[in-house]
Amino acid sequence: MADNLQETFGLTPIEAMARGLPVVVSDWDGYRDTVRDGVEGFRVPTVMPGPGEGRDLAYRYAMGVDGYDRYCGFTSQLIAVDVEAAADALRRLLRSAPLRRQMGAAGAERVRTLFDWSVIIPRYQTLWAELAAERAQAKPMAPRPQAWPARLDPFAAFAAYPTRPLTRSTLLQRTRAEADMVLQRWRLLAMVAFAESIVPSIEECRAVLGGFETRPVRMVEEIERDFAANRQAAIRRGLVWMIKMGVLAVAPESGRR
C-alpha cells in the first residue's frame, strides 16, 4: 500500500502477478498502469491535500531545515489510503478461492503480454523514437513562474498520484473508530509523533470530531470555519491525516475520480 511520493511504477505488484498472485494495491500513480481494479486485484482509493497545501514543506526542505527523509515522512503523513476499502478487498480474496485463482491467472497473463522484456524493449524503442520526433519539432517554452522552481509544492507536483485531492467541497464523515484512543495511541509512536508540528493537535482533532455530533456528514469548508483564520489551512490539510488515522473518511456522496 503505497502512501508516499517516492513510489512511481511499483515493481512489487508486477512480481506478485508474475507468480500468479492476486494483488491489493493503492490507487496510486503507476499502479494504475499495472493493476486493473477488479481484474488482477483491487486498487484501494487514496486521498491527498490539493495543490498549494504543501508549500511550507517544500520551503523547509529547500532551506535545509528538513532533510529528504523527513520531507518524505511529512508528505506521507498527509496521504491517506482507504483502510476500510483495503480490508474489504482482503476479505473478498480470503473468502473466495475461485476469485483468487481468477485474479491470479489474469495477473500472470498481463505480465506475460505487457511486461515481459520481449515486449518492454520494443516499447522503449518506440518511445525513444517518438520523443526524438517531438524534440525535433518542439518550440521553446516560456518558463512558468514558481515560488521556488527547484522545490515545488509536492501536492501540486504530484497531484495526479492519488485517487482524489481533498478540496473544500469534499464531504467527510466520522468512522466507528474510538477516535480519542486511536489518536492518543498513534501519538506515542515515533513513526507519527515526529510529524506533530504539521498535524492538528489532539484538542483540534477533538474539536473537528465534535462538529460531527449534530451533522454526520460535513463539508471541509464548513469544518475549517470552526477555527480561527490563522489555523484554517492547517486544519484543512490535517483532515487528510485524520483520514489516514482512520477516524474520518470521505463520505460516499463525494464520489471518486
Side-chain angles (χ1 to χ4, degrees), residues 2-6 26-29 45-63 65-66 69-83 146-148 151-175 177 179 182-183 186-187 189 191-212 217-251 254 256-257:
D3 64 352
N4 68 82
L5 303 177
Q6 298 180 97
S26 313
D27 184 44
W28 187 255
D29 192 31
T46 57
V47 62
M48 186 173 81
E53 302 283 2
R55 294 191 186 99
D56 59 324
L57 305 182
Y59 290 160
R60 289 174 62 90
Y61 177 37
M63 296 298 293
V65 176
D66 298 324
D69 288 345
R70 184 166 290 267
Y71 169 70
C72 289
F74 280 159
T75 56
S76 292
Q77 284 296 310
L78 300 171
I79 298 167
V81 179
D82 189 326
V83 176
Q146 296 287 347
W148 196 301
R151 292 288 180 264
L152 304 180
D153 168 13
F155 303 132
F158 302 97
Y161 278 27
T163 306
R164 59 175 300 126
L166 187 87
T167 70
R168 284 185 165 89
S169 61
T170 301
L171 297 174
L172 300 179
Q173 61 187 19
R174 285 195 63 166
T175 67
V182 169
L183 294 171
W186 277 104
R187 293 281 183 164
L189 295 178
M191 64 183 292
V192 175
F194 82 93
E196 187 173 9
S197 63
I198 67 162
V199 300
S201 67
I202 291 290
E203 292 71 25
E204 288 173 326
C205 289
R206 287 172 177 156
V208 168
L209 296 170
F212 287 89
V217 176
R218 302 188 74 198
M219 190 178 293
V220 169
E221 185 176 24
E222 176 189 356
I223 296 170
E224 65 182 46
R225 284 201 300 265
D226 292 341
F227 296 85
N230 66 340
R231 286 298 295 163
Q232 289 182 0
I235 294 297
R236 182 172 62 251
R237 185 173 74 179
L239 294 174
V240 180
W241 181 79
M242 295 180 71
I243 297 171
K244 186 181 185 74
M245 295 300 106
V247 296
L248 290 180
V250 176
S254 287
R256 292 173 179 164
R257 192 176 69 190

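The OG1 atom of T163 sits 9.0 Å away from atom CH2 of W28, with the distance rounded to the nearest 0.5 Å. One distance of note links CG of D66 with CD1 of I198; it measures 9.0 Å at 0.5 Å rounding. In this structure, CZ in R225 is found 14.5 Å from CD1 in I235, a value given to the nearest 0.5 Å. The CG atom of L209 sits 4.5 Å away from the CZ atom of R174 when rounded to the nearest 0.5 Å. Here CE of M242 is found 4.0 Å from SG of C205. Values are rounded to the nearest 0.5 Å. Note that CZ of R237 and CG of L78 are 5.5 Å apart. Values are rounded to the nearest 0.5 Å.
The residues R168 and E224 are annotated as salt-bridged, a charged nitrogen and a carboxylate oxygen being separated by less than 4.0 angstrom. Of the charged side-chain nitrogens involved, none lies within less than 4.0 Å of a carboxylate oxygen, so that R164 and D27 do not count as a salt-bridged pair. R55 and D153 are not joined by a salt bridge, as no carboxylate oxygen comes within less than 4.0 angstrom of a charged side-chain nitrogen. Under 4.0 Å is where a charged nitrogen must lie from a carboxylate oxygen, and between D226 and R231 no such pair does.
Using a 4.5 Å cut-off on side-chain heavy atoms (C-beta onward), P49 and F155 make contact. Two residues are said to be in side-chain contact when any heavy atoms from C-beta on lie closer than 4.5 Å; L239 and L172 meet this criterion. In this structure, C72 and Q6 have side chains that are in contact, with non-hydrogen atoms separated by less than 4.5 Å. In this structure the side chain of P162 never reaches within 4.5 angstrom of the side chain of V47, judged on heavy atoms.
Put simply, the side chain of T175 gets close to the backbone of G246: a donor and an acceptor are under 3.5 Å apart. A donor-acceptor contact shorter than 3.5 Å links the side chain of E204 to the backbone of S201.
Shown here are the ring-ring contact (aromatic ring centres under 6.0 Å, His included) partners of F194, two or more places apart in sequence or in another chain: F74.
Looking at every heavy atom in both residues, I79 comes nearest to N4 through CD1-CA, 4.1 Å. Taking all atoms of both residues into account, the shortest heavy-atom contact from F227 to A207 is CZ-CB, 3.8 Å. Minimum heavy-atom separation, G54 to P154: O-CD, 3.4 Å. The minimum heavy-atom distance between A251 and V217, with the atom names listed, is CB-CG1, 4.0 Å. Across all non-hydrogen atoms, the minimal contact from A159 to P51 is CB-CG, 4.2 Å.
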Step-by-step side chain to side chain contact (heavy atoms under 4.5 Å, CB included) determination, D29 to L5: CA-CA 9 Å; D29 192 31; L5 303 177; over 6 Å; no
Side chain to side chain contact (heavy atoms under 4.5 Å, CB included) assessment of V208 paired with L248: CA-CA 10 Å; V208 168; L248 290 180; 4.2 Å; yes
From CA spacing to verdict: side chain to side chain contact (heavy atoms under 4.5 Å, CB included), F212, I223: CA-CA 9 Å; F212 287 89; I223 296 170; 3.8 Å; yes
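Geometrically, R151 engages Y61 in a cation-pi contact defined by less than 6.0 Å to the ring centre and at most 45° from the axis.
Counting only residues at least two apart or on different chains, the side-chain hydrogen bond (donor to acceptor under 3.5 Å, both in side chains) pairs with a member in residues 69-81 are Q77-W241. Sorted by first then second residue, the salt bridge (charged side-chain N to carboxylate O under 4.0 Å, His left out) pairs that include residues 239-248, not counting sequence neighbours, are D3-K244.
Annotation: E222, atom CD; neighbour count of heavy atoms from other residues, nucleotides and ligands within 6.0 Å is above 12.
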